[in-house]
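See structure below.
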Amino acid sequence: MPRPGRDEDERVITVFIVDDHSVVRTGLNAYLGTEPGIEVVGEAADGREALARLAVLAAGPGVPDVILMDMQMPHLDGVEATARVKATWPQVDVIAVTSFLEEARIRAALEAGATGYLLKDADADDVVDAIRAAVAGEVRLDPVAAAALVSGLRAPRSPVEDLTPREREVIVLVASGRTNREIGRRLGVAERTARTHVSNILTKLGLASRTQAAMWAVREGLVDATDVTS
Amino acid sequence: MPTEPALEPVPPSWEPVERQMVDLFFDRVPFGLAVFDLDGRLQRCNRTWVGFYELYFGVGPDYTEPGRYLSDLIPGNEGSVGDLFDAVRTGHVVRQAAHRIAIPGSTTYWDVVFAPLYEHGELVGVLDVVTDATDRVHSTERLEARVSAFTRVAAGMTVDQPLVATLEQIRSEILRTTTAAACSIVVWQGSTSEAPRLATVPDPVFGPGYAEAFHAMYVAAGVDARTAEDVEPFTLWRGARTDLLADPRYAAVHPYWSRSRPEWEDGVVIPLVSGREYFGELQVHLPAGSRFGDDDADYLLAMADHAALAIQNSALFLEQREAAGAAERHRLARELHDSVSQALFSMTMHARTAQRRLEPLGTEADPARAEVARLQELTRGALAEMRALIFELRPGALAEEGLAAALTKQAAAIAAREQVGIEVVAPPHRLPLSVDTEEHLYRIALEAMHNAVKHARPASIEVRVSLEDTAEHVTLRVSDDGTGFDTSVEHPGHLGLGTMRERATGLGGTTTIDSVLGSGTRVTVVVPVDAEHPLG
């Protein structure tokens, strides 16, 4: 999977950092500050503070594109905070940032609507890649993790038959890590149309994110786990 | 205990009835009667009195002939008897319960009455009336000894005493307070703890080598799977020795049980149980035909209860200590994660930031760039180390994440530390292995990796875990491209290879070590999959 070129994203991606370790927030802030096209628009030390600050942003300049959300936090943990963010601002992509001590939380975060996840021993460049992939609508799951995650996924409200043939085509492409633009190109439709298909699929299946849709497709046998890109 | 009545003919008599009564009374009462003169010379005694001497001293009737001095009859006891005599000489009846008479080879106890005999108002002799109190005193002593044995065993259990020490104490108390010739205890399960833990406390009286033979016999026998309901709570086994020496299951200890010492023929077997659990046995060897009463049975049952309780306590104590250790490790892992690893993650970000800031500068920044690159590398290595360390500290981490994840973490840490490339190749799905087997394979692989980087200076190592096509075996292979070694030569001090082999053998598997000088080493371990962990 090639990295999305800078030219695809003329618009600056806004990022919000939630982590109870100030040392982590400082590090991420410093690094993302050197990355062209990405702007950190705020940070919070726990889920409760994050929701309060996001509400302020929503009333003013607008909510960020991406939230880097630590999972283990006091007051309101990352899983619950993710669920509330997605419920209020479904357009926001949440990336679950988990330490290697709590990999079990990845599934909980994805179920709560997180688009993707990042382990805290990731390289700096992986952080930027994850942010750009989330904004591009790319589902990035490690094949092994995907298989494990899918087996425990909650049952969706609707069966496969509820999807139109076109929607099935779209969900397979989502699961193989295609962006809306790529899906549009592949199906010969506009990017906006592809995006509409995806959001219709999410509504029909009662899912909160493209990532959940991808895992659903794997579980329903529409795609093989090893076809899910990493 | 009722016995057959003893019959003895009495010839017709022409004596006056009163005279007959006195004679009959004197001769036939069940207490000993003897008359001494004031100097302590025996004048006359009855049959019971003679019988006592025969019973305890093993002497004939001539020993108690009239004319002998009391001090000669019971040599060494003049002092205590003399005091009683002196009291009688002043005109008193003296009663003494459980008077101790000790002569070499025999200690006896007597309820004694000494009374003055008068003739025409003159003191002329001493009447001695004795009844045997030896049994009574012995059983009281035994009871006291047993009560104090209980107290000591119970006291031992309250201190932090190892289980085997408590069992050893119970064993020796039984020997001290019963007629047992030998006593052994075997425990094949730590009660509430799940892992079978064999503990044997064999009697050293059977001589050197017995302990090992006894233990080996139970290792071979395995855990007795019966429950408390399946076993007799108490067995007195007359002729046990003969039966056991004919039983091939006990062949390992036959050489010891067939010896003439200790002398034993009968046995008592008491299962150690708690609730429904049956986890051990108390074995008492008794001399042939030993008197074994209800009191003895009750005593041994009580001792067995103590042993069972000690075993349970010990199991609970171990469990609690293990739980405490696990909690402590978990806390440590959590703290390391909260402090060090968060800081390390931040450091990778800052290092990358510094690298970015140096980008627009010219070649004059090259030394700084090199430093930052080194810093990045070190941070990455430290993160990998931390990840591996936390994995090791976290209880149940291996069970939770599986062998492949565990090996990948450790490989990353070793790779970063030792500057060697390590590739871990494993199937994406969990292998059909028990937690125990995974743990052993994990340790074997770690040992092999450590050996490689320590002795072989390889450029790369490959760790490959694979399921055989037949799905009956799992193969772990650790290969390196290092210096290799001569496998035909002993490598003293390199215990690692032996430990790896032991682990593999314990899993019912095999270990093969191929090494060619100059072109690397390959350690291959093949273990059977666990039947109770089907594929998937």
Side-chain angles (χ1 to χ4, degrees), chain A residues 15 17 19-36 38 40 45 68 70-74 97-107 118-129 131 141-151 218 224-226 228 230, chain B residues 330-360 372 375-377 379-391 393-394 396-397 400-402 404-406 408-409 412-413 416 424 426-430 536:
Chain A
V15 176
I17 301 167
D19 200 305
D20 59 330
H21 295 89
S22 70
V23 66
V24 171
R25 296 199 303 273
T26 314
L28 283 170
N29 223 329
Y31 169 61
L32 293 176
T34 67
E35 181 68 21
I38 290 183
V40 176
L68 293 178
D70 187 25
M71 287 292 107
Q72 167 116 27
M73 291 184 298
V97 183
T98 70
S99 79
F100 33 87
L101 201 58
E102 41 197 34
E103 284 161 24
R105 285 176 186 256
I106 294 172
R107 180 189 299 162
L118 199 58
L119 291 183
K120 268 195 183 167
D121 58 354
D123 274 343
D125 293 342
D126 296 339
V127 177
V128 165
D129 283 354
I131 292 170
L141 287 178
D142 174 63
V144 177
L149 293 168
V150 162
S151 66
V218 171
D224 189 62
T226 48
V228 180
S230 54
Chain B
H330 198 251
R331 189 190 62 76
L332 199 56
R334 173 60 61 193
E335 280 185 6
L336 279 173
H337 163 253
D338 265 355
S339 52
V340 185
S341 61
Q342 306 283 349
L344 284 171
F345 177 60
S346 185
M347 278 169 70
T348 60
M349 297 300 140
H350 284 295
R352 183 77 177 111
T353 307
Q355 202 180 32
R356 284 272 173 85
R357 299 282 182 223
L358 290 170
E359 269 169 18
V372 170
L375 193 61
Q376 268 183 314
E377 200 180 309
T379 313
R380 219 172 271 148
L383 255 179
E385 293 273 11
M386 188 58 58
R387 194 182 165 116
L389 177 61
I390 290 175
F391 186 88
L393 283 172
R394 214 172 94 229
E400 202 177 290
E401 298 185 23
T408 306
K409 287 194 173 97
V424 177
H429 297 286
R430 282 294 281 269

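So that the names make sense, note that chain A is the first sequence line, chain B the second, and so on, each numbered from 1. Hydrogens, waters and symmetry mates play no part in the numbers below; they use all other heavy atoms, side chains included.
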Could you state the interatomic distance from [atom1] ([X]) to [atom2] ([Y]), rounded to the nearest 0.5 Å?
X	Y	atom1	atom2	value
Phe345(B)	Leu119(A)	CZ	CG	9.5 Å
Leu32(A)	Arg356(B)	CG	CZ	9.0 Å
Thr34(A)	Gln355(B)	OG1	CD	9.5 Å
Glu35(A)	Thr353(B)	CD	OG1	10.5 Å

When every non-hydrogen atom of Met349(B) is compared with those of Tyr31(A), the smallest separation belongs to O-CB, 3.7 Å
Nearest heavy-atom contact between His350(B) and Gly27(A) is NE2-CA, 3.4 Å
Any sub-3.5 Å donor-acceptor pair from Ser346(B)'s side-chain atoms to Val23(A)'s backbone N or O?
yes
